[in-house]
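Inspection log for the structure reproduced underneath, given as structure tokens.
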Amino acid sequence: MIQDVTDNEEIEARIGRLRLLEALLFASADPLDEETLAGRLGEGADVPALLDELRRHYAPRGVNLVRTGAGWSFRTALDLGPQLRAEEEVSRKLSRAAIETLAIIAYHQPVTRAEIEQIRGVVTSKGTLDLLMEHGWIRPGRRRETPGRPLTWVTTDHFLDHFGLETLRDLPSVEDLRAAGLLDSRPVLLGLSGGEEAPARPPAPAEGPEPG
Amino acid sequence: MIQDVTDNEEIEARIGRLRLLEALLFASADPLDEETLAGRLGEGADVPALLDELRRHYAPRGVNLVRTGAGWSFRTALDLGPQLRAEEEVSRKLSRAAIETLAIIAYHQPVTRAEIEQIRGVVTSKGTLDLLMEHGWIRPGRRRETPGRPLTWVTTDHFLDHFGLETLRDLPSVEDLRAAGLLDSRPVLLGLSGGEEAPARPPAPAEGPEPG
Amino acid sequence: MTAFEEDSAPAPSEATAEQLVLVLDGFEGPLDMLLALGREQKVDLTRISILQLADQYLAFVAEARRVRLELAADYLVMAAWLAYLKSRLLVPEPSGEEPSGEDMAAALAFQLQRLEAMKEAAAKLMARPRLGIDLFARGAPEDLDIRRKSVFEVSLYDLLKAYGEHKRRKDGSVLQIAPVRLYSIEDAVRRLSELLGHVPDWTVLSSFLPDGGTDTLLGRSSLAAHFVATLELAKAGRVELRQDGAFSPIYVRRARPDTEP
């Protein structure tokens with residue numbers, strides 16, 4: 001495999017290049033073509049030979065070095081696919097509306113759907129609450145004792161679990177959010193409150209000016 | 001290394017588990033804990049032993065298997081960092097305030113914002129905690145059961161992962177600092193921050209006369 | 001290793017203070033600056049001279065004043081506190097419940113040690129091999145959701161950020177500035193001009209104020225407006241003012257032709 005080695009120094013250099021090649025391919029988000037790799041490995045690197053050595057090293061392992069149209073990359077071994085994907089469920093990004101709805105339920109619970117809509121200022125799409133409930137983050141709470149007896153929504157233990165909270169009381173308050181910079185504070189108008197904080201002062205003289 | 005093997009079948013099973021373990025760890029960018037891995041490898045898998053074998057196999061290579069408090073993960077070898085970094089984007093430079101605040105949270109956790117301000121002697125500017133949280137290094141902890149029930153801040157698993165720490169006990173010099181009494185976040189006599197929990201100031205002459 | 005420093009740091013020199021003023025931006029507040037000053041003493045922080053430190057800091061504040069540098073309030077609070085501490089250290093301790101000068105000095109020394117310890121810890125922490133800087137994770141993770149903790153990638157940060165954004169949007173949309181009722185100076189000038197026509201001689205200013213007292217915002221603003229109005233009228237030569245001493249009542253009367261300036 002290593003035919004052109006003449007001395008220890010050369011072996012070391014080759015191992016160094018192999019290690020760098022391995023790390024470059026591992027850390028790259030995209031497949032790397034041989035030209036790019038040659039640029040990174042520097043003069044005197046026989047990139048095709050190094051790639052071949054690496055490919056053969058990984059061939060029997062759980063991770064393989066594969067060549068795709070764009071270049072070379074590590075992928076998990078094809079035959080392990082079924083075991084890796086045993087419980088496959090591609091992770092999805094939750095929509096902004098769903099995150100916001102969840103946040104409002106967390107902070108305002110128990111809260112009815114109408115209240116959520118009032119707070120958000122938009123109609124809650126049918127699927128949003130279903131989605132949050134399906135995922136086990138919210139559940140129906142008690143009915144509100146008002147006309148129509150609307151259902152309220154509350155968060156679940158799974159919600160606490162997911163977000164690493166011990167209790168709901170550990171949710172940062174609005175003040176905490178503001179202090180942490182998650183809420184830009186709007187300008188505050190100071191000194192325009194009423195007279196509560198006015199210092200005690202003798203009442204202004206009541207007697208009006210005597211007309212002359 | 002493989003002492004308890006009695007027949008070919010067992011060797012095959014062991015190799016199969018090693019390959020699956022390798023693939024699982026390779027597929028994930030985030031560390032995986034042993035419990036998760038055990039769940040995926042199934043009954044009869046000696047996960048610690050398998051991890052150890054894998055770790056040793058990768059030790060001299062360009063990619064290593066490392067353990068942090070967050071779990072096990074493959075990472076590029078430390079000595080290759082400078083060669084790999086060349087192409088990586090320069091990460092956003094953190095402000096001194098952010099770095100100091102992170103260290104205080106790491107060493108004093110759980111710690112309230114007022115305590116952080118006590119230690120630094122300045123008000124925490126807006127955006128500092130926000131930034132640290134955005135990096136995924138800190139999160140809100142439990143509220144302190146003291147008047148005002150202030151929120152505390154703690155570090156995350158990702159913090160351990162990012163700084164390559166197995167536990168918080170591995171923070172640099174943490175034991176020395178504790179022994180020296182320097183991890184005491186209690187307010188001291190000199191209350192220089194504006195925190196809610198600031199202690200009564202010494203009769204500072206700077207205070208203006210009471211109105212009235 | 002500090003044994004060789006026979007002559008400990010010189011007395012606070014103006015040069016030091018000037019340098020501090022120059023690099024003021026480099027400090028994270030007064031405690032940070034004190035720590036930098038303390039390091040100049042080149043002794044272990046446990047053996048630092050707090051008195052000398054106070055002198056150095058006060059020299060800095062004096063220098064900042066000399067070059068008319070505007071110092072943040074916390075720098076001035078610290079200066080006042082250090083001046084107080086100095087006086088407590090220099091004069092015999094009064095027996096009382098207040099902490100002694102030594103206690104206060106020790107507390108300051110502890111704060112400095114603690115801050116220094118955290119700065120060193122921060123430096124050591126940042127010097128550690130860091131993910132994404134010194135070592136790298138798999139660049140192209142495969143979407144296997146191995147953790148199975150959640151199908152959705154939502155962090156607590158995302159949740160809080162969403163609520164913060166919602167809150168900000170909402171607060172922004174309902175922000176209404178309540179109309180503020182204040183007594184205007186123009187109104188006060190008009191009112192005073194009319195009333196003065198009925199007043200023959202020195203009359204106390206407060207008696208011109210409209211009913212309602214001065215304990216409301218409107219009342220206080222009317223007091224202020226009327227005071228400014230008298231100044232305006234006096235400047236125009238239409239009234240004369242008199243006050244017998246600081247904080248005593250202000251008297252107003254119509255200007256006499258013969259006393260006009």
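Throughout, protein chains are lettered first and strands after them, A, B, ... in sequence-line order, and every chain is numbered starting at 1.
- Rounding to the nearest 0.5 Å gives a distance of 10.0 Å between OG of A:S28 and CZ of C:R138.
- Around atom CG of C:D244, more than 12 heavy atoms belonging to other residues, nucleotides or ligands sit under 6.0 Å away.
- Residue C:F227 qualifies as open at atom CZ: its count of foreign heavy atoms under 6.0 Å is 12 or below.
- Considering every non-hydrogen atom in both C:F136 and A:F26, the closest pair reads O-CE2, 3.3 Å.
- With rounding to the nearest 0.5 angstrom, the CG atom of A:L177 is 8.5 Å from the OH atom of C:Y163.
- A pairwise comparison of heavy atoms in C:L160 and A:P172 identifies CD1-CG, 3.7 Å as the closest pair.
- Within 6.0 Å of the CZ atom in C:R242, the count of heavy atoms belonging to other residues, nucleotides or ligands exceeds 12.
- If you measure heavy-atom distances from A:R75 to chain C, the contacts under 4.5 Å come from both the backbone and the side chain.
- Atom OG of C:S155 sits about 11.0 Å away from atom CG of A:L94, to the nearest 0.5 Å.
- Proximity to chain C is limited to the side chain of A:L171, based on heavy atoms less than 4.5 angstrom apart.
- Summarising the local packing, CD of A:E34 is surrounded by more than 12 heavy atoms from other residues, nucleotides or ligands at distances under 6.0 Å.
- When all heavy atoms are compared, the tightest approach of C:H166 to A:E100 is ND1-OE2, 3.6 Å.
- For A:R120, the CZ atom sits in a packed shell: over 12 heavy atoms of surrounding residues, nucleotides or ligands are nearer than 6.0 Å.
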